[in-house]
Amino acid sequence: MLNSLSILAVGAALANLASAVGNARVANNCPFAVTAWSVGSAVSAPQTLGTGGSYSEPFQLDPTTGGRAIKITINPSGLYTGDPETIFAYSLQGSTVWYDLSDVFGDAFSGHTLVEASDNGKCPFIIWSNGIPPAGSQVKNCGAEANVTLTLCAN
Ligand SMILES: *[C@@H]1O[C@H](CO)[C@@H](O)[C@H](O)[C@H]1NC(C)=O
């Protein structure tokens with residue numbers, strides 16, 4: 001039977017769900033700066049991350065594209081100059097986030113290790129030990145409540 005107590009409980013559960021969305025994060029461990037853009041239907045201002053710097057945004061559904069992509073270049077204006085881009089794409093679907101790592105126009109982090117992993121250690125991760133994408137699909141998924149971090153120049 002529905003009483004005011006169970007309504008409160010349902011409300012609290014929904015509020016928890018709403019606030020329990022993790023972040024897409026980029027952590028720059030490289031001995032050089034990188035620049036990131038968050039791209040959906042619009043492109044954010046460039047975010048330059050020095051060594052030890054990080055960028056994060058809560059997982060969000062883009063109203064037009066659905067998924068979103070964080071594009072990273074070493075050149076601070078690389079998005080507009082055709083420089084190699086490493087792309088952390090994600091798509092929030094209900095309580096699941098799908099995440100992927102890819103390169104276009106070359107391999108910006110060739111020779112460095114890239115790791116894209118959830119805080120939830122039970123979820124699959126992506127590792128490029130020499131900064132070069134392996135063949136085949138990289139797409140993984142995890143509960144959307146945990147952060148997923150792309151670490152550039154991971155140890
Ligand atoms: C998740 O990301 C947020 C924003 O970057 C950060 O404040 C928080 O510490 C992260 N959580 C964990 C467990 O790393």
Side-chain angles (χ1 to χ4, degrees), residues 16-155:
N16 277 340
L17 267 184
S19 64
V21 175
N23 298 274
R25 303 180 70 240
V26 176
N28 182 21
N29 217 19
C30 295
F32 48 83
V34 304
T35 298
W37 289 262
S38 176
V39 179
S41 41
V43 180
S44 75
Q47 317 277 326
T48 295
L49 312 177
T51 301
S54 67
Y55 168 78
S56 92
E57 66 181 39
F59 294 128
Q60 54 197 290
L61 199 59
D62 187 87
T64 307
T65 57
R68 296 184 59 84
I70 301 170
K71 300 189 173 192
I72 301 152
T73 66
I74 293 173
N75 180 331
S77 55
L79 188 67
Y80 303 107
T81 53
D83 275 48
E85 296 173 16
T86 292
I87 303 172
F88 171 2
Y90 72 85
S91 177
L92 181 63
Q93 291 175 13
S95 57
T96 300
V97 66
W98 296 79
Y99 48 100
D100 186 22
L101 188 63
S102 61
D103 274 356
V104 292
F105 311 133
D107 301 307
F109 295 94
S110 173
H112 300 282
T113 300
L114 304 183
V115 177
E116 188 174 298
S118 173
D119 285 345
N120 180 344
K122 292 183 183 138
C123 291
F125 56 87
I126 298 168
I127 178 161
W128 295 1
S129 54
N130 62 354
I132 310 282
S137 171
Q138 298 276 296
V139 184
K140 313 290 186 206
N141 72 78
C142 187
E145 69 285 352
N147 293 343
V148 175
T149 302
L150 168 62
T151 303
L152 306 171
C153 304
N155 298 317

Requested in this report: Could you tell me whether the side chain of Asn28 and the main chain of Leu49 form a donor-acceptor pair under 3.5 Å?
Outcome: yes
Query - Backbone N/O of Ser41 and side chain of Asp62: donor-acceptor pair under 3.5 Å - result: yes
Query - Partner of Phe109 by side chain to side chain contact (heavy atoms under 4.5 Å, CB included), out of Asp103, Val34, Ile132 - result: Val34
Report task. Identify which one of Asn29, Ile72, Thr113 satisfies the side chain to side chain contact (heavy atoms under 4.5 Å, CB included) criterion when paired with Leu152. Result -> Ile72
Hey, does [Y] have a side-chain heavy atom less than 4.5 Å from the side chain of [X]?
X: Gln138; Y: Ser102; value: no
X: Trp128; Y: Pro134; value: yes
X: Phe125; Y: Cys142; value: no

If you round to the nearest 0.5 Å, how far is [atom2] of [Y] from [atom1] of [X]?
X: Asn23; Y: Glu145; atom1: CG; atom2: CD; result: 12.0 Å
X: Leu61; Y: Leu92; atom1: CG; atom2: CG; result: 6.0 Å
X: Ile70; Y: Glu57; atom1: CD1; atom2: CD; result: 4.5 Å
X: Glu85; Y: Ile74; atom1: CD; atom2: CD1; result: 12.0 Å
X: Ser118; Y: Ile126; atom1: OG; atom2: CD1; result: 11.5 Å
X: Cys153; Y: Phe32; atom1: SG; atom2: CZ; result: 4.5 Å

**Report entry** For Tyr90, ring pair (Phe, Tyr, Trp, His ring centres under 6.0 Å) partners two or more places apart
**Finding:** Phe59
Query raised in the report: Do you know the tightest heavy-atom contact between Pro46 and Trp37?
Result: CB-NE1, 3.5 Å
Query raised in the report: In chain order, what residues pass the side chain to side chain donor-acceptor pair (under 3.5 Å) check against Thr73, with sequence neighbours excluded?
Result: none
Report summary line: For Ser110, the side chain to side chain donor-acceptor pair (under 3.5 Å) test, sequence neighbours excluded, returns none
Compute whether any side-chain donor of one residue and acceptor of the other, for [X] and [Y], lie under 3.5 angstrom apart.
X: Thr48; Y: Thr35; result: yes
X: Arg25; Y: Thr149; result: yes
X: Thr81; Y: Asp83; result: yes

Query raised in the report: Would Lys140 and Glu116 count as a salt bridge (charged side-chain N to carboxylate O under 4.0 Å, His left out) if you check the C-alpha gap in whole Å, the side-chain angles of each, and the deciding distance to 0.1 Å?
Result: CA-CA 10 Å; Lys140 313 290 186 206; Glu116 188 174 298; over 6 Å; no
